Protein chains: 2
Amino acid sequence: MSSEQEFLAGYDPRAFPPVAVSVDVVALTIRDGELHVLLVRRGVPPFAGQWALPGGFVRAEDLDTAAVRELAEETGQQLGRIHLEQLGSYGAPDRDPRMRVISVAYLVFAPELADPGAQPQAGSDAAEAAWVPVPAVRDLAFDHARILADGLERARAKLEYTPLATAFTGDEFTIAELRAVYETVWGERLHAGNFHRKVLSVPGFVESTGESTQTGGPRGGPRSRLYRRGDAQLLHPALLRPGREDAVR
Amino acid sequence: MSSEQEFLAGYDPRAFPPVAVSVDVVALTIRDGELHVLLVRRGVPPFAGQWALPGGFVRAEDLDTAAVRELAEETGQQLGRIHLEQLGSYGAPDRDPRMRVISVAYLVFAPELADPGAQPQAGSDAAEAAWVPVPAVRDLAFDHARILADGLERARAKLEYTPLATAFTGDEFTIAELRAVYETVWGERLHAGNFHRKVLSVPGFVESTGESTQTGGPRGGPRSRLYRRGDAQLLHPALLRPGREDAVR
DNA sequence: AAAATAGTGTCTTTAAGACACTATCCG
DNA sequence: CGGATAGTGTCTTAAAGACACTATTTT
């Protein structure tokens, strides 16, 4: 026994400086035509009183599970159909003043919640939680501003080559609603006619329900057909963001 | 003091189950026209004697730094110009039999090393290290087979929209050498003429040195012009992989 | 001489985007 | 009615890919 311990000594993880692992979640949704991110106001030091991404330390669970759990705890509600993917890990030695904490960041796309006025409930370690318009976000705790920026860029890129825009809509949606998602996330106006044709031309992006909306738009216009998400996992050809012909960075 | 400790108790990272953090590196290079990955043979349990990705536990350093350090230690040589990027984190609760270990995986592209016969030297915790042809890899320790698969897919995708194929070549290269990188990583033959024109048409991908090779190819053909990497960070338009028109997954 | 390769020319097909237009619905 | 919007038609340009061809080099 003691010989095995000695043999393993140089390789025992416990011989290394202590470290903690947390998950932080960049949860995005669209409300009132604006991109919102879920933030919590910290109730305890460090950074008490400041806004931060929801998250917490991982328990005896998978990383994905930890992300979903933290999100549910701090929103206080069951999240229905959401898209969740790992964003990256952040481990600068001084990013948490308490000790070495490595954070695995997740990106979540959520449709606007069923209850239109639903405010997230404060969960375990958050004093308050709210959906905040992305342009209004400032002074996040830790390195969360950087994590949010990385999440936004990932979201913008993902809309190009995956059908994940549908993760922001209801189960059934119009092409105009889908276009609104792209315009909101990309922050650019798109040409309605060309967008319409493009979406329908990509195999498996959307499929028709055969139904139409009951009324026209709030400012006029004909009723529009309803679609649901198709079975494509990747968009071919992709919907590229306009105006980046000479993008060198 | 004790009141502060009590206040912080629920939020103290040390109150959570112990966890260790490691980095694992998928280092790819091209040798003899085949894609190779750097592996180490484990000298100690668990998985003693099996091949694994190089890696180790993080110290008081940034994650990127840890990846570079482990790579240098286990190859035993100074790696010159390499490309390094984070691949993702792997944290299944039972992925390491010793204890909870969360691994941050990195992806490295390295040109063939200056010394053509250079065999990596065994470093700290590896009994042996070698560049192994990717198709010959089997039975990796831990969940490293999955990490390698994810790294390969990332590498294939990155060649499409970034100039990272140049990370596999020397500082100066011919279009044919660049094409060989694409063919090796993608595992597909490309049309020489169209590839040539395409590469030169993408702004900032490559720039001419004005020089040419001293001889033609080993099996004949004219001398070819030499290029170096341009300043583009992204390829517009991208070089898409052929034959995935209807890719639904 | 024969084979291989670098590099270019040209044509077809596909896709993106600009613009126009009709039909439908709201106020 | 006037304004806004859904959806379609058409034209131009960019880009991908197939194919052909020349010039240059090696064996």
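Owing to the predicted nature of the structure, the values given are computational and were not obtained by experimental measurement. Worth knowing before you read on, the calculation uses all heavy atoms, side chains too, and leaves out hydrogens, waters and symmetry mates. Sequence lines set the chain letters: A, B, ... in the order given, protein chains first and strands last, and positions in each chain run from 1.
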Could you state the atom-to-atom distance from [atom1] of [X] to [atom2] of [N] in whole Å?
X	N	atom1	atom2	answer
A:Q214	D:dA6	CD	P	16 Å
B:L190	C:dA6	CG	P	13 Å
A:N194	D:dT12	CG	C1'	12 Å
A:E160	C:dA16	CD	P	12 Å
B:H191	C:dG7	NE2	P	15 Å
B:R219	C:dA6	CZ	C1'	14 Å
A:L235	C:dT14	CG	P	20 Å
B:F195	D:dA15	CZ	C1'	16 Å

Could you check which residues of residues 165-179 of chain A get a heavy atom under 4.0 Å from DNA chain D? Sort them by number, please.
A:A176, A:R179
Using a heavy-atom cut-off of 4.0 Å across all strands, would you classify [X] as base, sugar-phosphate, or nothing?
X	result
A:T215	sugar-phosphate
B:G216	sugar-phosphate
B:G217	sugar-phosphate

State whether the distance check finds a donor on one side and an acceptor on the other, under 3.5 Å, for side chain B:R197 versus base C:dG9.
yes
Side chain of B:R225, base of D:dT24: donor and acceptor closer than 3.5 Å?
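Result: no qualifying N/O pair found.
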Would you say the rings of B:F195 and B:Y182 are close, in the sense that their centroids are separated by under 6.0 Å?
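Yes.
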Between B:L152 and B:L28, does a side-chain contact (heavy atoms from CB on, under 4.5 Å) hold up when you go through it step by step?
CA-CA 9 Å; B:L152 292 173; B:L28 303 176; 4.1 Å; yes
Any idea which of [options] is nearest the [X] side chain?
X	options	result
A:P237	D:dA15, C:dC19, C:dA16	C:dA16
A:H196	D:dC19, D:dA6, C:dG17	D:dA6
A:P222	C:dA15, C:dA18, D:dT5	D:dT5

Should the heavy atoms of other residues, nucleotides or ligands under 6.0 Å from CZ of A:R146 be counted, would the total exceed 12?
no
Does atom CZ (A:R219) have a neighbourhood of more than 12 heavy atoms from anything else shown, all under 6.0 Å?
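No.
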Is there a salt bridge (Lys or Arg N to Asp or Glu O under 4.0 Å) between B:E207 and B:R229? Walk through the geometry before answering.
CA-CA 6 Å; B:E207 61 183 25; B:R229 177 174 174 169; over 6 Å; no
Do the side-chain N and O atoms of A:E85 and A:H83 include a donor-acceptor pair separated by under 3.5 angstrom?
yes
Under-4.0 Å side-chain N/O to phosphate OP1/OP2 contact, A:R223 with C:dC25
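It does, given that an N or O in the side chain of A:R223 lies less than 4.0 Å from OP1 or OP2 of C:dC25.
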Strictly below 4.0 Å: does A:K198 bring a side-chain N or O up to OP1 or OP2 of C:dA15?
no
Aromatic plane relationship, B:F142 with B:H144 - under 30° parallel, 30 to 60° tilted, over 60° perpendicular
tilted
Report yes if the side chains of A:Y90 and A:D24 come closer than 4.5 Å at any heavy-atom pair, otherwise no.
no
In terms of the nearest nucleotide of DNA chain C, which residue is placed more toward the 5' end: B:G193 or A:A238?
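Mapping each residue to its closest nucleotide by heavy atoms, the 5'-most match is B:G193.
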